[in-house]
Structure formats: C-alpha cells, structure tokens
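Everything quoted here is computed from the prediction, not taken from an experiment.
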Amino acid sequence: NIDNMEKSQSEWTFSLFLASAFTKKPKTTEVTAGSTAVFEAETEKTGIKVKWQRAGTEITDSEKYTIKAEGKKHSLTINNVGKEDDVTYAVIAGTSKVKFELKVKEPGTVFPKQFYSVIPPAETKPEEPVDPIGLFVTRPQDGEVTVGGNITFTAVVAGESLLKKPSVKWFKGKWMDLASKVGKHLQLHDNYDRNNKVYTFEMEIIEANMTFAGGYRCEVSTKDKFDSSSFNLIVNEAPVSGEMDIRAAFRLKLVNFFNFDDNIVNMDYLLRNGFILFCRGDGKSDSQPDVDVWEILRKAPPSEYEKIAFQYGITDLRGMLKRLKRIKKEEKKSTAFLKKLDPAYQVDKGQKIKLMVEVANPDADVKWLKNGQEIQVSVFTYLATDMRISVELSSLPGRGRHQLSPEEKHSDNYTYILFFRYIFEAIGNKRILTINHCSLADDAAYECVVGEEKSFTELFVKEPPILITHPLEDQMVMVGERVEFECEVSEEGATVKWEKDGVELTREETFKYRFKKDGKKQYLIINESTKEDSGHYTVKTNGGVSVAELIVQEKKLEVYQSIADLTVKARDQAVFKCEVSDENVKGIWLKNGKEVVPDERIKISHIGRIHKLTIEDVTPDDEADYSFIPQGFAYNLSAKLQFLEVKIDFVPREEPPKIHLDCLGQSPDTIVVVAGNKLRLDVPISGDPTPTVIWQKVNKAVPGTSHTDFPFYFHCPQVLFESEGRVRVEKHEDHCVFIIEGAEKEDEGVYRVIVKNPVGEDKADITVKVIDVPDPPEAPKISNIGEDYCTVQWQPPTYDGGQPVLGYILERKKKKSYRWMRLNFDLLKELTYEAKRMIEGVVYEMRIYAVNSIGMSRPSPASQPFMPIAPPSEPTHFTVEDVSDTTVALKWRPPERIGAGGLDGYIVEYCKDGSTEWTPALPGLTERTSALIKDLVTGDKLYFRVKAINLAGESGAAIIKEPVTVQEIMQRPKIWLPRHLRQTLVKKVGETINIMIPFQGKPRPKISWTKDGQALDSKDVGIRNSNTDTILFIRKAELHHSGAYEVTLQIENMTDSVAITIQIIDKPGPPQSIKLADVWGFNAALEWTPPQDDGNAQILGYTVQKADKKTMEWYTVYDHYRRTNCVVSDLIMGNEYFFRVFSENLCGLSETAATTKNPAYIQKTGTTYKPPSYKEHDFSEPPKFTHPLVNRSVIAGYNTTLSCAVRGIPKPKIFWYKNKVDLSGDAKYRMFSKQGVLTLEIRKPSPFDGGFYTCKAVNECGEAEIECRLDVRGNEINFAGKKHNNNCTLKTNKPLL
C-alpha cells in the first residue's frame, strides 16, 4: 500500500513523529564521587526492549553497570561513580530516546544545582560573606533551561547581623506568590551554614515547560530591613532527536492509518493517537512553515474549496471532500463522566467546600489530585460491621479506635473515608471531595481522574476582610518627640495602608516614617516630629478604617511647684525644691544673681521633674535670694533664705519665761506651708528656772476633740512627747521645735505655745496656713455641638487650695480609648472653651483640671459622651413640578452635605402670601425627594420650603422665592416625537413593537390612535396612556400591521398630531421562471425573473449556487448579485450541473430557491464541436506600463510597497533595480506579479533603503522601464528629497500595431 501511495498522483511527503514511549523519564542526577547512581525509567507498555547508552555507546550488564527490567519499570545502576562517569547518558525504547546527565562532584566541594552552571575549581575557597547595604550576599541569576529539564535558583543571605531567620518570598511576575504553587513542578528549600553564618534559599523548577518562562523576584525581609532581586527564566523548546523511518512508522498500525476503500490517510486517527502530521509540497524548502490543509478546508466556506485546491496543488479534491465530510466536528462526549467539575470554585478562608462529579459507572474508582499530586488516603483504614463503623488509625503512633454512632451505619451505596481535612464520599453515581477549614494552601488546581479521563477545576480561597480590633488613638506631642501610632487588626501579618490627610504614606529616603508589624499589631513611627506632622492619620484595611489626630506643639514648660521662702536656724539644713513639667529639662541655681557652685556643704540634685538645692549647716552668709532658671526657657523661680539668729543674753535667776519670735507683735502671725512639705518651726525660749512648754491647737480642731486634746508637754529633765508622730515637738536647751511632716489641709489653724515657770508664763499664737492644689472641678457640660467642634462649660472648684485659681487645662479622648489628649498649653482664664478639630461621627469625652500657684488639681469626672455632628445642608434644586386646582407637586434633591448623622427625612411646610406662620404640609417626615401637597384652596398664593432633618437637628430651609398660585395652568398639547420615529420604523415579522411617545398638555389631553385613517382594533394592537406619554404595543408583528399610524392629542379646541410609518418585512419568495439560457465551452448562462413576493421590502440581490449532478453538493457562485441573469464560468468539462437562485432582502435569503429543471452538460473538447479555422492573428506587443510608479515617502520600520501595471504579449519578464543594482537575490525585497500588476515589497525599510527604484519589463518584442524615488524618514531625521518626474524608457524591436 505504501508503494501504491508513493505512485499516486498526489505527490506529498509525510513526516510522522511518534509520541514518547516513556511515561517516566530518567532525570539528571548529582552524586558524590565513590557513591552509586541509579536512573529509573517506565515505559507505556510491557515487553518493549530498552537500551541504555553512555556517550552514544550502548551499555551492557557488568560489575560497573547493573541493568534491570521488571514489567514496565527499567533501571540503570552505576557503581563506584568516578569523575570519568560525568557524561551524557540516554535510554532508548523503540523510536523514543531520552537524554540525561550524571553530575559527579568531589567530596566536600560545593556544587551548584543550576542545570547550566560551572563547577568552581576545588582549590578556590569560598569568600567570607560580608554584610552589604542590602541583605543578599549572592543574588539569583538569570537562567535558561530546555523543556523537561530542571533548574535551581539560589539566593544567599548574610546572617551574622540577624537575630532570627529572615523571611523569604518567591514571586513570578509582579504579584504571584509561588509558596502556594509548591508541588510536582516547584520545590522550595532553605538551610543555614553555621560556619559561614549565611542562609541559603533555593527555588527548584522540575520538568520545566514553556509556561514557566518569564520574570521572577526574590524578596528577603527582617524586622527592620528589606531587599529584593529580580531575575529571568528562559525556556527553550526541546530539540527533536533522531531520524525516523517513515515506512517503519506506518507499519506500526497500518490498518488503522489508512482507509483502503478510499486509499487515503486516516488523519483523524493520527491526531488522536499522538502523531504529528506535517504536509510539504514538492519543491518547498524545509524552512517553509508547515501547513495543515485539512484544517484550512475544515474552516473554509464551500465557495473557497476550488481556490484552496489550486493554491496548494490539490488534484484529488473530490476525494478529500468526501473524507472531510466524514470527520465529526463536534467534540467527543465524555464516556466516564455524566457531570464534570465546574471550571472554578471560590470559598472563604476557614469555610468548607464540596467538589462533586457524576460518573457513568457507579462502581468506578476515582482519584483526586491537587496540583498534579494524588491526595493520599492511606492514613485511615475502615472496618464495617452490622451496626457500626470502626475507624482505626493504623499508621499513627498510639493506635486507637473511634466508635461511630448507629445512625452512622454503613450502607451499600454510602461510604465515608475520613482523611483529616479531606472527606471523600461516594453516593451512587456521585463522587464528592469535601475540604474542611480551607486555608491559602488549598488554593490550587484539582483534578478528578476516572480511568483515562480527567475533569479539571481550580479552587480560589478568598481571605476574609481584615478588621481593626483596636483603633488608633489621638496624640499630642512636643516638637522633636517620637510619635508612635498603634492599632490592632484581626489577622497577623496583615497588609495595611497608612494615610496622612488623605495622602498615602510611603518609605521616604530619609526614613521619616517607619512601619512596623508585631503579630496583630501595626505601628506607624515618626522619629522626630515637626509642626508639619500635625494632622489626621488614617490606617486602612480591606475591612475597616481608623482615624486619629496628631497635634504637635512647641515646647512649653509648666511649673508644678515653685520654690518657697525658707527661715532656718544656724547649722540647720535648708532645702529649695521645685517641680517642672519636663523631666529632661536642666537648669542652674543662682545666689544673688551668681551661679551656685556645688561643694561638700551645698548639693544640687535633679531627679525626674524635681530639682533640689540643699544647703547643710546654714551660716549667716547663706542668707540671700536664690533662683532656679530652666535652660532654654524664660522662667525665673525665686525664693529667699532668711537666717534666724539666736541671741543669748545673760538672764538672771528667777527670770520669767519668754518666747523669742521675730514675728511677735505682728498680727496675724502666719506661716505658710505647701501641702506635702515639711514645716519646721524653731521657737527660742528663755526663763529661769526652765519653763514648761505646752503646744495647743486653738481652732480648726479635729471633730470630736477639744482644744486641749492636742497637747505636748515638755518638762526638764523629763521630756514627754511623741517623737515618731507626723506632728511633733522637739525640746532643746534654748528652744523648742514644732514639726509637721507632710503637711495636710487638716493641719491648718492657729497653734498656741505656752511657756510656764514659777516666776510667770508667756504665750504666743502662730497661724499655720496649708496651701494645696485646687479640688477637681465638677464634670464639664457640652453644648453647641457642631460638625467638628463643641462648646465646653464648667464651674470653678469648690476649694481653690488656698491660692487663687490661675486657669484651667482641658483634655479630651475618644470614648473607647484610654489616652487623654491635652487641648491647650496656655491656661484658660474663662469658664468656657470652644474645642475644635474633632472627627465627625466619633464619640468623645472631656475633662478639666484647675491650676493655681501650687500646681494642677486632679482631673474632673468625664463629661457625658457626645458625638460631633452637624445638621445637613439645605436640600438643593427645590422646584415646583406641577400645579392643579387643589394640589401642588414639589421635588428637590438631597443636600450636598449629609454628614455622619445620616438623613432621617425631610419636613415640608407652606406659608400664605402676607403671613409669617408656616404650616406643615405633610404629617411627619418624608424620606422621598418629592411631595404632592393636597387639599389646597384654589386661588391661594403660597410659599413652600423644605428642610433636611438628622440627629443634629434641622438644616437650613430651601425656599421657593416666588409665591405659587394654586390654580391649574392651561398648557397647549405638544407631542415630542422621538428622533428614531421620524423615519420609517422597520421590523421583522414576529418581532415585538413597543412605541412610547412622550407629550405635554394640561389638563390631561384626550388621546386617539388611527391607522390609515381608521380606528385601531384593540384586540390586535394595545394602547396604554398616562399623564406624560402614550404607548403602542404589538406583541407579534405581522405584515398587515404595516401602514401609517397617527396619534392625536386634544385639549378643548386645541390639538396636536403626528404620523408614524411602520413597515413590517419578511423573507422574500424564490425567484420565478429560472431557465438555462445557453451553455458553451466551460460556461452556462442563466436567466430568471424577480420573486412574486418581495417580503414587503426591496430585493437587494440574489445568491447563485451550482451543484455537480454526481454529488449534489451546492457551492455559491455569486452572492448579493443584483441582475436577473448571469454567466457561470470555470465549469469542469464532462460534468453536468444544476443551478439554483435565492432572492435576498433586508430580512435575509428566501427560504426556498428556484432550481433549473434540466442540468447543463459541459461537453468534452473536440467530441462534437469543431471550430472553423481562421487566419492566426499576431497579438504580440512590446511591454508598456499602463500605470506608473509613484514617488513615495515612508517611515522607517514599516513595510512598504511600490506598485505599477504593465501589459505585453508574450508575458514580459520583470526585473527590479535600486540605483541600477539588481534586487533579484536580496531577501529583503519580495516581488509579486498578478494579472499585470507588479508589486515590490520592502520589509521594514531603513533610511539606507531610500533611493531610485526601477522596474524593467522585457519580452521578445522589446522592453520598457519606469523609475520612481523612495524617501525613508527616520524617527528623528526627515529625509526630504526633491520630486522627480516619472521616467519611462521604451525600447522596441518591431513596430507597434
């Protein structure tokens, strides 16, 4: 049969390539010298002879090489591998050959895993990794691999300065994370070298295919560093190895390849069984692109068959068309699946998804694959009994059983197989895979396999929205301080977006903003804040938004406690102490304007916010004015140290007691002490004998006690006092000391000291005043709440601490926050304050502090929670829509600003002209933006207004400026005819007609429809009328619905009308009286008359078809042919043809055609017709150009053509020249000649292709030339040339006829 085919007229050349005989191919392997290498292969069928080759030489079984074959599995083992074994190997099965390599590395040598890499010399020591600016020590390099090969990309990261392992992500393209694609074709590895302190990360691509080519990116990130590197992968097509014997290939399944009845190749079988067919015509070079003529014929219309046969040299067209007719166009239906998987599924993260198929065989076994790997079920085994199922964990440590309930009883058609998150179910013909608790790792491609058939789908796991569980909090800082915004989201490592006043924040070169993630917490850090950083900061996720305000203030210092005057006695201790608001502020101490220098007696200390000056063993020289000046601030805290001098005079015996106080005689005698400070009062006394000292508090006693309940008695030599108490008295030789440790408000009062001896007594009253910070004020009250502001009011504290209140400090916070933010740095003197810059819709609280010269009080209770909210703006576009005798229709649009309070509705009111009283027009609020006010008095003039209402109150009113008279206005009827109805409306039979015509007129006009002057039949045509339009409706159009329709509006004696023309069209009838007028040569003349029924539309043309009497397959000769006669040419000699004609209008071709009764027989040449002999006429003529070449100017890089037309008999030969140089052998130029039209195509011209082009035509009668100029313009330089006239040179050897 092959010999017969080679002798056939269709001289084609077939090249067949068999599909691979291997189902598992050996892979390139890397081993260490001295070890064993094993290569495995698996064939499609058993019994196939397999050969192994080493460097092109066949390998036999020996001590070095061990070859095994068990069924379909074949293996080659190489023992004691050496450096000489590092060569290319191959395995051959039939006509399939697979090559692979063995890589041998020396022990201890680091061998890169890239497929195309160079082994470093053994002597070269790896360089010590040095931490660069980035994180990479070695970046992944561009790679190249052949289809089916493996390649590994390596990234090395310095780890010496890292506290923990860095995070590495591999991406393909811009966003595709490859971590979820790990499987059969992709593996990710990492390891840590403790000696060199480097991390190595590898991405291994296995059995690459063409889709793996493209750009990749590796990203490395640590807690505060980030680096990325991009690289490319090029995948080359696998070369075809070996040559195939076409006869051997055909003999494999010769019976199936050929259809011996028709002696043609069974192309469908070849394609189904993995063969690739290429057709090459004789004389074509191997570099020509392969053409599938079968596919071209399959897609081409029948009218193009003869043209394709001529173009591709097909001689047996009829046989090919028979074969083409037998090929099924529809896709083969699945025999294993009744219902396949959907193309894709989507599920939320953490939810459950079911994948279900229906199989044709209820007993069929199915396999489920994920990313090409089977989902194994070997972890669990199941045992069925009569009343329960016992599921045994056979492969897990600590084997145990889980007893299912009797309701979970096993049945014949319902079986559960449990496998952790995957559940496989078989219910009759249904096979279900259930995936519980879906994670991002389940986002993959899944397959269901039944026998040889597969059903594919893809599962997309959608992450839930990320919520903000703990919002941002407002902050107020000083210039230069560090700001840290913190929020908490619902998922660890979530991606958030930070904005400042609506502008997204990014990492700047100065690293002003730093973004930090710690579990679920997200941080925005501003290291050194400036005044420009003030504003609203927003953090956004895909499930929430949180806003906080940052206020940056200039540094101001507050004095919480000033230094106080001191009166001390010689050799006592004097301590000056002050407290300021900033613990980082330093300062200097001055004595009478000079800086105090510390020494052994004078100590200066600074602990937190407290500054102290301590003077031990006070002397008279220490009496002076002392001041503390904070550095960088215009403050001067001053106090005076008074030295108490004790004068000792000679006292004669029997001297009455005497109290020596400098303040005696002054009224009142008051000593002021700050609450919490220590009061030490030295009272010198004299008297002989030694007097007895009694201290009494004569007022402001503790309730329930008398004035004498607080005595301290001292009598020398026995001294009676409470030395450990907070309030105590110490007795010395010449004085007594009254001490109050940590003065409190209750210690305030008048203290009396009495001294007695036998000679007499003396007494003195000392007033002690304790001053303190004020009491906290009462909770402030909030009023006048606006969009972003409110008014805060409060009352002075009930107790001012003994000092006048200097002012107040106000703080606010969000309701759910714990951070209070200060609103003022300068003290507020008034009892009201307007707080601004709040966020509308957020709930706030306020509190107040009172401040006096001593310090700041405790905070007041928080105010009632309030929300800054503003009423909406007034409604817009408020107009009167319609007016009747008793109603007014109004309409408006919502306010431009609604705000966070939303919109509850609108209130509509009206007022009579001349009155000021507004009356509600509707009961309650309306949510609509229109209203119909009813029951009005005819003739009244009314004003109308509308207000928007929300939680904050009423908006401003939108008012109609002019009063509206309640009286219907007569309006002439007017029809607004749509533009598309102003011309004939064309519809096809059976279509729906729905015509809506708007109009105006008041009162409501009377509407009437007519057709051709007659009233419409309501059963055939539907009419619907409203106040503003009328609709004509025909459910199913018929031809009799065509005609002129007129609609008329009438209001009293005023009318308006329009006419509408409707044309219903249908398919025309067939042409009439078709006849075969004449037959001659290869031609046939046809004539016919127009159809009797034109379908109510103009006949646009005719379609003429022909059919061979043998096959009766119809082919179109002419379409859209307008004449009623034609000549059909190019008929095949010896065949008989029938002809038919279809008529065509706007609706399409007629359903039937007019067919010739008798066939036209094309007689063979010379059988019956003998033409008369005539004197031969000489038609020869020299070449002559009928259309000249034209000068052209083109753009570089775009293909261009030069065209002209020539005639001459015999057909002249054509030559093209550029600047007199022949272009015949230049591949840049293509020459075409079709029916006298000559074309020169210049492929992607450059400026160097510009010049003069000449076309020369030559035949035996003479020659002719024509010339033109071509200018090629570049992207930057325009080549401007002079215009040349076309030149034509005509040479002739004989005179023209």
Side-chain angles (χ1 to χ4, degrees), residues 882 969-1073 1088-1103 1120-1124 1141-1152 1154:
D882 193 12
I969 302 173
M970 181 73 70
Q971 187 180 28
R972 292 185 62 87
K974 176 65 176 177
I975 298 176
W976 303 101
L977 187 63
R979 187 179 299 275
H980 71 280
L981 296 178
R982 297 177 186 176
Q983 54 190 358
T984 301
L985 179 65
V986 180
K987 291 286 185 179
K988 295 180 181 180
V989 171
E991 291 184 345
T992 300
I993 300 176
N994 191 350
I995 300 174
M996 185 184 72
I997 301 177
F999 60 82
Q1000 68 181 25
K1002 291 184 180 180
R1004 180 174 175 175
K1006 180 180 179 183
I1007 306 168
S1008 61
W1009 283 83
T1010 60
K1011 177 192 173 188
D1012 299 330
Q1014 302 294 326
L1016 296 178
D1017 184 3
S1018 60
K1019 296 182 180 179
D1020 194 24
V1021 179
I1023 301 295
R1024 299 174 187 172
N1025 300 323
S1026 69
N1027 291 332
T1028 57
D1029 56 44
T1030 178
I1031 298 175
L1032 181 142
F1033 180 77
I1034 302 176
R1035 189 175 301 277
K1036 191 173 182 181
E1038 300 292 345
L1039 287 175
H1040 66 270
H1041 290 138
S1042 300
Y1045 291 77
E1046 185 177 20
V1047 58
T1048 303
L1049 302 183
Q1050 183 177 1
I1051 301 177
E1052 296 180 357
N1053 59 347
M1054 297 178 292
T1055 61
D1056 189 18
S1057 62
V1058 295
I1060 303 169
T1061 303
I1062 299 177
Q1063 181 182 357
I1064 310 299
I1065 63 174
D1066 197 0
K1067 291 182 179 180
Q1072 302 182 82
S1073 305
W1088 63 89
T1089 58
Q1092 183 178 359
D1093 178 14
D1094 60 0
N1096 199 23
Q1098 180 185 359
I1099 297 297
L1100 301 178
Y1102 302 92
T1103 298
H1120 309 299
Y1121 189 78
R1122 292 187 173 274
R1123 299 180 182 178
T1124 57
V1141 181
F1142 292 89
S1143 54
E1144 182 179 5
N1145 65 2
L1146 284 174
C1147 211
L1149 293 177
S1150 59
E1151 295 182 353
T1152 59

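- For Tyr1121, the ring pair (Phe, Tyr, Trp, His ring centres under 6.0 Å) test picks out Tyr1118, with sequence neighbours left out.
- With sequence neighbours excluded, no residue forms a side chain to side chain donor-acceptor pair (under 3.5 Å) with Thr1048.
- To the nearest 0.5 Å, atom CG of residue Asn1096 and atom CG of residue Asn1145 are 9.5 Å apart.
- When side chains are defined from C-beta on, Val1058 does not count as touching Leu981, because their heavy atoms never get closer than 4.5 Å.
- Scanning all heavy atoms of the two residues, the minimum distance from Pro1005 to Ile1051 falls at CB-CG1, 3.4 Å.
- To the nearest 0.5 Å, atom CG of residue Asp1094 and atom OG of residue Ser1150 are 12.0 Å apart.
- Between Ile1023 and Ile1007 the shortest side-chain heavy-atom distance does not fall below 4.5 Å.
- With sequence neighbours excluded, the residues forming a side chain to side chain donor-acceptor pair (under 3.5 Å) with Arg1004 are Asn1027, listed by chain and number.
- Looking at Ser1073, its side chain never comes within 3.5 Å of a backbone N or O of Trp1088 through a donor-acceptor pair.
- Gly1043 and Tyr1045 get closest at one heavy-atom pair: O-CD1, 3.6 Å.
- Heavy atoms only, all atoms of each residue included: Leu1049 and Gln1000 are closest at CD1-O, 4.4 Å.
- Going from atom CD1 of Ile993 over to atom CD1 of Ile1064 covers 3.5 Å, rounded to the nearest 0.5 Å.
- With sequence neighbours excluded, no residue forms a side chain to side chain donor-acceptor pair (under 3.5 Å) with Asp1093.
- Residues Ser1057 and Ser1008 are not in side-chain contact: their nearest non-hydrogen atoms beyond the backbone lie 4.5 Å or more apart.
- Closest heavy-atom contact between Pro1068 and Ser1143: CG-OG, 3.5 Å.
- Side-chain contact between Pro1003 and Met970 is present, with heavy atoms from C-beta onward closer than 4.5 Å.
- Considering only residues two or more places apart in sequence or on other chains, Thr1030 meets the side chain to side chain donor-acceptor pair (under 3.5 Å) condition with Trp1009, Asn1025.
- Of the inter-residue distances, the one linking Met1054 atom CE with Gln971 atom CD reads 9.5 Å to the nearest 0.5 angstrom.
- Atom CD1 of Ile975 sits about 12.0 Å away from atom CG of Asp1029, to the nearest 0.5 Å.
- Residue Gln1072 holds its CD atom at 12.0 Å from OG1 of Thr1124, rounded to the nearest 0.5 Å.
- A donor-acceptor contact shorter than 3.5 Å links the side chain of Gln1050 to the backbone of Glu1052.
- Enclosure of atom CZ in Arg982 by more than 12 non-hydrogen atoms of other residues, nucleotides or ligands within 6.0 angstrom is indicated.
- Scanning for side-chain contact (heavy atoms from CB on, under 4.5 Å) contacts around Thr1028 gives Ser1026, with sequence neighbours left out.
- A distance-only check finds a donor-acceptor pair linking the side chain of Arg1122 to the backbone of Leu1100 [under 3.5 Å].
- Residues passing the side-chain contact (heavy atoms from CB on, under 4.5 Å) test with Leu1149, sequence neighbours excluded: Thr1103, Phe1142, Glu1144.
- Residues meeting the side-chain contact (heavy atoms from CB on, under 4.5 Å) test with Thr1010, sequence neighbours left out: Glu1046.
- The side-chain heavy atoms of Ile1060 and Leu1032, taken from C-beta on, include no pair separated by under 4.5 Å.
- You'll find the side chain of Pro1091 reaches within 4.5 Å of the side chain of Ile1099, heavy atoms only.
- Put simply, the side chain of Ile1065 reaches to within 4.5 Å of the side chain of Gln1063, judged on heavy atoms.
- Every side-chain contact (heavy atoms from CB on, under 4.5 Å) that Glu1038 has, sequence neighbours left out, goes to Val989, Lys1036, His1040, His1041.
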